[in-house]
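What follows is a single structure, written as structure tokens, with notes after it.
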Amino acid sequence: MGFLGLETAKAPAGMRGRRFLAFCADLLIVLALSFLAYRFTGQPDFFAVRAAMDAAQAAGGQNAELTAAVFAQFDRAFRLLLLIAFGYEVAAQTVTGGSTLGKLLLGLGLVPMDPARGRVTQLLLLWVRSGLKLLSLYLLQGFPFLLCCLTALTNGECRTGFDMAVKVRPAFRGDRGAKEG
């Protein structure tokens, strides 16, 4: 069965919904970690970004110095937020062997397409996957991130572009074996 011409029937029942909910849970966890970092270190300071935006807006948006300050403040805060997200994802995947806390809550994990892949290789590739996500959000302003995530809607295995890059697939936590036929 397809939706808007996209093949969706092959994905395991509930996989897409669970992946989306896991993403949302992980996003909330990253935001909580960012808030904790802010409480203890004062960074990432999105409040300063807002203050700089308000100052630039009060000047009618014509002050180049204030506009530059907005971009500098935002870039600094956004980079730290991405590093927190990267650290969280790498740490969670290392401890759980392929899941973030959001995926664990929803009974999901990422398993290699090749079941013979060793644990160390799998973890290194998951770290690469996390790095690709970070780079697509920072260097390429998120557009490739969205495209890679949307690919989960367009293929029967519910794999994102990041999954494809490192040859993993989503699986329910009890399904750690070979690819299903």
Side-chain angles (χ1 to χ4, degrees), residues 16-59 61 63-111 119-152 159-166 168 170-171 173:
R16 286 186 176 82
R18 284 188 185 197
R19 283 202 84 174
F20 178 73
L21 291 174
F23 172 79
C24 292
D26 287 330
L27 181 62
L28 289 174
I29 291 167
V30 167
L31 290 175
L33 291 172
S34 297
F35 180 73
L36 285 173
Y38 175 76
R39 296 294 288 171
F40 289 108
T41 68
Q43 295 296 328
D45 193 356
F46 285 101
F47 298 110
V49 173
R50 180 63 189 178
M53 287 174 70
D54 290 343
Q57 186 177 18
N63 187 322
E65 189 175 304
L66 290 176
T67 302
V70 169
F71 285 113
Q73 287 279 1
F74 177 80
D75 188 56
R76 196 171 17 258
F78 187 59
R79 275 185 295 166
L80 186 54
L81 178 69
L82 289 176
L83 288 174
I84 290 169
F86 177 77
Y88 157 71
E89 194 166 297
V90 164
Q93 290 173 343
T94 301
V95 170
T96 64
S99 293
T100 57
L101 297 178
K103 284 184 183 77
L104 277 179
L105 288 171
L106 288 147
L108 299 174
L110 295 173
V111 298
R119 177 175 165 73
V120 173
T121 302
Q122 173 70 357
L123 284 176
L124 289 174
L125 287 171
L126 288 175
W127 297 350
V128 167
R129 179 183 177 275
S130 298
L132 290 172
K133 289 166 64 174
L134 176 124
L135 288 174
S136 73
L137 283 168
Y138 184 70
L139 294 178
L140 304 170
Q141 300 179 359
F143 185 68
F145 178 82
L146 292 174
L147 288 178
C148 283
C149 291
L150 289 175
T151 59
R159 294 173 64 205
T160 67
F162 303 113
D163 299 338
M164 291 176 200
V166 298
V168 295
R173 287 296 288 177

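- Here the closest heavy-atom approach between residue Gly102 and residue Ala25 is recorded as CA-CB, 3.8 Å.
- With rounding to the nearest 0.5 Å, the separation of CG in Leu134 from OH in Tyr138 is 9.5 Å.
- Partners of Phe86 by ring-ring contact (aromatic ring centres under 6.0 Å, His included), not counting sequence neighbours: none found.
- Taking CZ of Arg19 as the start and CG of Leu110 as the end, the distance is 5.5 Å to the nearest 0.5 Å.
- Side-chain contact between Leu125 and Thr121 is present, with heavy atoms from C-beta onward closer than 4.5 Å.
- Applying the salt bridge (charged side-chain N to carboxylate O under 4.0 Å, His left out) definition to pairs two or more places apart or across chains, those involving residues 86-102 are Glu89-Arg129, Glu89-Lys133.
- Minimum heavy-atom separation, Leu80 to Pro44: CD2-N, 3.4 Å.
- In this structure, CG in Leu106 is found 9.5 Å from SG in Cys24, a value given to the nearest 0.5 Å.
- Taking both residues in full, the closest heavy atoms of Gln73 and Ala52 are given as CG-CB, 4.5 Å, listed atom of the first, atom of the second, then distance.
- For residues 38-54, every residue pair satisfying the side-chain hydrogen bond (donor to acceptor under 3.5 Å, both in side chains) rule, not counting sequence neighbours, is listed here: Arg50-Asp54.
- Rounding to the nearest 0.5 Å places CG of Leu105 at 6.0 Å from CD1 of Ile29.
- The structure places CD of Gln93 at 4.5 Å from CG of Leu126, a figure rounded to the nearest 0.5 Å.
- Listed by first then second residue, pairs satisfying side-chain hydrogen bond (donor to acceptor under 3.5 Å, both in side chains) with a partner in residues 24-35 read Asp26-Tyr88, Asp26-Thr100, not counting sequence neighbours.
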Legend entry - side chain to side chain contact (heavy atoms under 4.5 Å, CB included) between Trp127 and Thr94, intermediate numbers included: CA-CA 9 Å; Trp127 297 350; Thr94 301; 3.0 Å; yes
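- Residue pairs meeting the salt bridge (charged side-chain N to carboxylate O under 4.0 Å, His left out) criterion with at least one member in residues 65-87, sequence neighbours excluded: Asp75-Arg79.
- In this view, Phe78 and Phe74 satisfy the ring-ring contact (aromatic ring centres under 6.0 Å, His included) rule, not counting sequence neighbours.
- Scanning both residues, Gly98 and Lys103, for their nearest heavy atoms gives O-CD, 4.3 Å.
- Contact record, Ser99 with Gly109: OG-CA, 3.2 Å, taken as the closest heavy-atom pair.
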